[in-house]
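Numbering of ligands and ligand atoms starts at 1, following listing order. Note that the structure is a prediction, hence the values are computed from the model and not measured.
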Amino acid sequence: MWPDRRLLDLLHIEHPIILAPMGGAMDWELTAAVAEAGGLGSLPCMMHTPAQAREMVRQLREATKRPISLGFFCHQAPEQNNAREAGWRDRLAPYYAEFGLDPRAPVPAPLRAPFNDESCDMVVETKPNAVSFHFGLPDAALVRGHRGVFLSDDISTQVGTFALVPQVVDAVKVPVVAAGGIADARGIAAAFALGACGVQLGTAYLHCPESRISAPHRKALANAKDNSTVLTNVMSGRPARGIVNRVIRELGPISDIAPAFPSAANALAPLRAAAEKQGSGDFSPLWSGQAAALGRAVPAGELTRQLAEAALARLRTLSK
Ligand SMILES: Cc1cc2nc3c(=O)[nH]c(=O)nc-3n(C[C@H](O)[C@H](O)[C@H](O)COP(=O)(O)O)c2cc1C
């Protein structure tokens, strides 16, 4: 038995393991596999229109009747800054030349829309068991009764999971889910020892065959070491953790010319496509947590069950 059942009872799940919503890295199949295995499957909705997200939820619900969560971005949409965009494209122009790409050709602007009234309607209609937000919280009117703060942009004060979890547990009365750098049974048991009543895993599930990452990303994860990742704003315009590649090495990891999130990714997209065609992740976002090296390429359902069983066994040993 899990020592703290609050999250299990709240979400009606069997194991206190949440699959992280990972925009651009997965679709509903990974969500369904984790949900069917008894964890909470999250579905990233941040790179889809509400209509597309509705359709994904429909497919997911056909594959599983188990509890699910939907994930959204909640950033402030950036003001158009033409000078900054032009500066970024100038900085990338030598790479465009290297791949024989036209540096003046229009670049795609894939959808990364913040949560809004329309997405809220979609949530009300599809009734997920949980929703999660990234880069901020929705307007008060969209989350009646809840309150929150926005996280700082200052990456020099980022707190590690081990130090953060017990301090959050002390500060709040609601169930706490630990996330970041947890990828095996030891990490799950440690999170419970620190007072969390659930864990959210992202990178560990990227290794699974059901994830939808590029071949270079999969390879980079398989070869990752403890010090392979860095916090960078080069890939998207906002600091996030990823495996170091050429563009991060040469322009970052933090660049003051990268346009605000999510625009920085747009001008990188043609370079990413050209490099990936050659099997290279030099211009791809190789998002990853710090425990990538602990991951194993097993199917997501099997991974969820194995993690739960091994974490329970470890917690039993610790409590003796
Ligand atoms: C490839 C990838 C994409 C991610 N995309 C999102 C996202 O779109 N929205 C979000 O809230 N979190 C996103 N995250 C963060 C995860 O939700 C989660 O908090 C994090 O992965 C936990 O750390 P771990 O990877 O060390 O397990 C992403 C993480 C990865 C690895």
Taking a cutoff of less than 4.0 Å between a non-hydrogen atom of the residue and any ligand atom, is [X] in contact with ligand 1?
{"X": "Gly180", "answer": "yes"}
{"X": "Gly181", "answer": "yes"}
{"X": "Pro21", "answer": "yes"}

What atoms of ligand 1 come closer than 4.0 angstrom to any heavy atom of [X]?
{"X": "Ala20", "result": "16 (C), 17 (O), 18 (C)"}
{"X": "Met46", "result": "7 (C), 8 (O), 9 (N), 10 (C)"}
{"X": "Gly23", "result": "5 (N), 6 (C), 7 (C), 8 (O)"}
{"X": "Leu201", "result": "27 (O)"}

For ligand 1, note which part of [X] has a heavy atom under 4.0 Å away: side chain, backbone, both or neither.
{"X": "Phe73", "answer": "side chain"}
{"X": "Leu206", "answer": "side chain"}
{"X": "Met22", "answer": "both"}

Checking the side chain of [X] only, and the main-chain atoms of [Y] only, is there a donor and an acceptor separated by less than 3.5 Å?
{"X": "Thr232", "Y": "Val234", "result": "yes"}
{"X": "Asp4", "Y": "Phe192", "result": "no"}
{"X": "Glu29", "Y": "Glu210", "result": "no"}
{"X": "Gln52", "Y": "Thr49", "result": "yes"}

Item checked: Note, Tyr205 side chain near Ser211 side chain (heavy atom, < 4.5 Å) ->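 A side-chain contact under 4.5 Å is absent here.
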
Check: How about Phe73 and Phe115: are their ring centroids closer than 6.0 Å?
Finding: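 When the ring centroids of Phe73 and Phe115 are compared, they turn out to be at least 6.0 Å apart.
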
Checklist line | Flag for Asn116-Ser119: side-chain donor and acceptor within less than 3.5 Å | finding: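 On atom types as modelled, these side chains qualify, holding a pair under 3.5 Å.
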
Check: Hey, is atom 15 (C) of ligand 1 under 4.0 Å from any protein heavy atom?
Finding: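 Within 4.0 Å: no protein heavy atom nearby.
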
